[in-house]
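Have a look at the structure below, then the notes.
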Amino acid sequence: MRWTEPERSIALTSFDQTHRPLVVGIGGTTRAASSTERALGFALRGAEQAGARTRLFGGEFLHRLPHYAPEHPHRTDEQLELIEAVRAADALVIATPGYHGGVSGLVKNALDTLEELRADERPYLDGRAAGCIVTAYGWQATGSVLASLRSIVHALRGWPTPFGAGINTLETRFDSATTCSDPKVAEQLATVGRQAATFALAFNTPRPANAKLAA
Ligand SMILES: Cc1cc2nc3c(=O)[nH]c(=O)nc-3n(C[C@H](O)[C@H](O)[C@H](O)COP(=O)(O)O)c2cc1C
């Protein structure tokens with residue numbers, strides 16, 4: 001996505017330069033060339049162009065998370081890493097493939113792990129925007145799974161961004177991490193990231209004292 005220089009400087013100077021918002025991306029599949037993870041990368045670069053810092057938890061990382069079991073008190077290093085990152089986040093972008101008409105188990109397990117944020121001063125995704133992205137092999141699941149993912153964000157007290165991206169991977173290819181066969185899709189993904197980042201500014205959510213990630 002290309003911004004004109006005036007647009008870019010407005011976005012960059014709008015943010016408090018001592019606290020560039022952190023946008024955390026969660027998504028992908030176990031496949032090395034996951035189109036879902038690549039789509040998420042496009043969205044996070046849109047957030048960066050709006051002045052945000054970003055961190056991506058992709059398929060490989062999500063695959064290392066154990067199945068979330070609330071009754072077990074022990075949390076793995078990976079679980080704690082994800083929990084602390086989301087705790088410190090000013091906004092999120094979540095990307096899932098449509099699997100059998102729903103959010104994939106891999107992504108849902110990561111979102112279930114956020115149950116650990118329930119007792120925070122700012123519980124779950126409270127006060128945070130969450131951009132939503134769905135890839136699917138056809139149009140039907142892109143729409144239904146996007147609605148489902150937004151419902152999950154609502155349940156977590158987050159604010160789905162006005163624009164959510166549904167990508168039909170029968171029509172759009174991501175041949176590398178930085179190439180997308182359809183410039184309109186690339187722009188839509190950047191819009192998701194940009195809306196998540198700019199919401200962080202508009203909402204101006206103060207970070208809780210227990211947020212541990214360094215600025
Ligand atoms: C287990 C499984 C279930 C799937 N279910 C659906 C589905 O219900 N509808 C659909 O359109 N595509 C479905 N797909 C296709 C994926 O959503 C699609 O290929 C997606 O873009 C894969 O993302 P990736 O490239 O990040 O792995 C399914 C794929 C798998 C592996």
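In each ligand, atom 1 is the first atom listed, and ligand 1 is the first ligand listed.
Below 4.0 Å from some heavy atom of Thr169 lie the following atoms of ligand 1, by number and element: 18 (C), 19 (O), 20 (C), 21 (O). Taking a cut-off of under 4.0 Å to the non-hydrogen atoms of Thr29, the atoms of ligand 1 that pass are 23 (O), 24 (P), 26 (O), 27 (O). Every atom of ligand 1 is numbered from 1 in the order shown, and the set under 4.0 Å from a heavy atom of Arg31 is 24 (P), 25 (O), 27 (O). Listed by number with element, the atoms of ligand 1 under 4.0 angstrom from any heavy atom of Ala141 are 9 (N), 10 (C), 11 (O).
For the residue pair Tyr124/Glu115, the side-chain donor-acceptor check at 3.5 Å is satisfied. A donor and an acceptor atom, one from each side chain of Ser151 and Ser148, are nowhere located under 3.5 Å apart.
Here's the thing with Gly101: one of its N/O atoms is less than 3.5 angstrom from an N/O atom of ligand 1. Ligand 1 has an N or O atom lying under 3.5 Å from an N or O atom of Thr36, backbone or side chain.
Salt bridge annotation for Arg45-Glu48: absent, with no cationic side-chain nitrogen under 4.0 angstrom from a carboxylate oxygen. In this structure, Asp120 pairs ionically with Arg87, as a charged nitrogen and a carboxylate oxygen lie closer than 4.0 Å.
Among the candidates Val24, Thr54, Ile133, the single residue satisfying the side-chain contact (heavy atoms from CB on, under 4.5 Å) test with Val93 is Ile133. Each of Thr29, Thr172, Thr169 was compared with Thr135 under the side-chain contact (heavy atoms from CB on, under 4.5 Å) criterion, and only Thr169 meets it. Of the residues listed (Leu106, Asp112, Asn109), the one engaging Leu65 in a side-chain contact (heavy atoms from CB on, under 4.5 Å) is Asn109, and it is the only one.
Of the heavy atoms in Ser34, both backbone and side-chain atoms come closer than 4.0 Å to ligand 1. Residue contacts with ligand 1 for His100 involve both N, CA, C or O and side-chain atoms from C-beta outward (heavy atoms, distance under 4.0 Å).
The closest protein non-hydrogen atom to atom 30 (C) of ligand 1 is Tyr99 CE1, 3.4 Å. Atom 12 (N) of ligand 1 has Tyr137 N, 3.2 Å as its closest protein atom, hydrogens excluded (heavy atom only). Nearest protein heavy-atom neighbour of atom 25 (O) of ligand 1: Ser35 OG, 2.6 Å.
The option with the heavy atom closest to atom 28 (C) of ligand 1, from among Gly138, Pro97, Gly98, Ala95, is Gly98.
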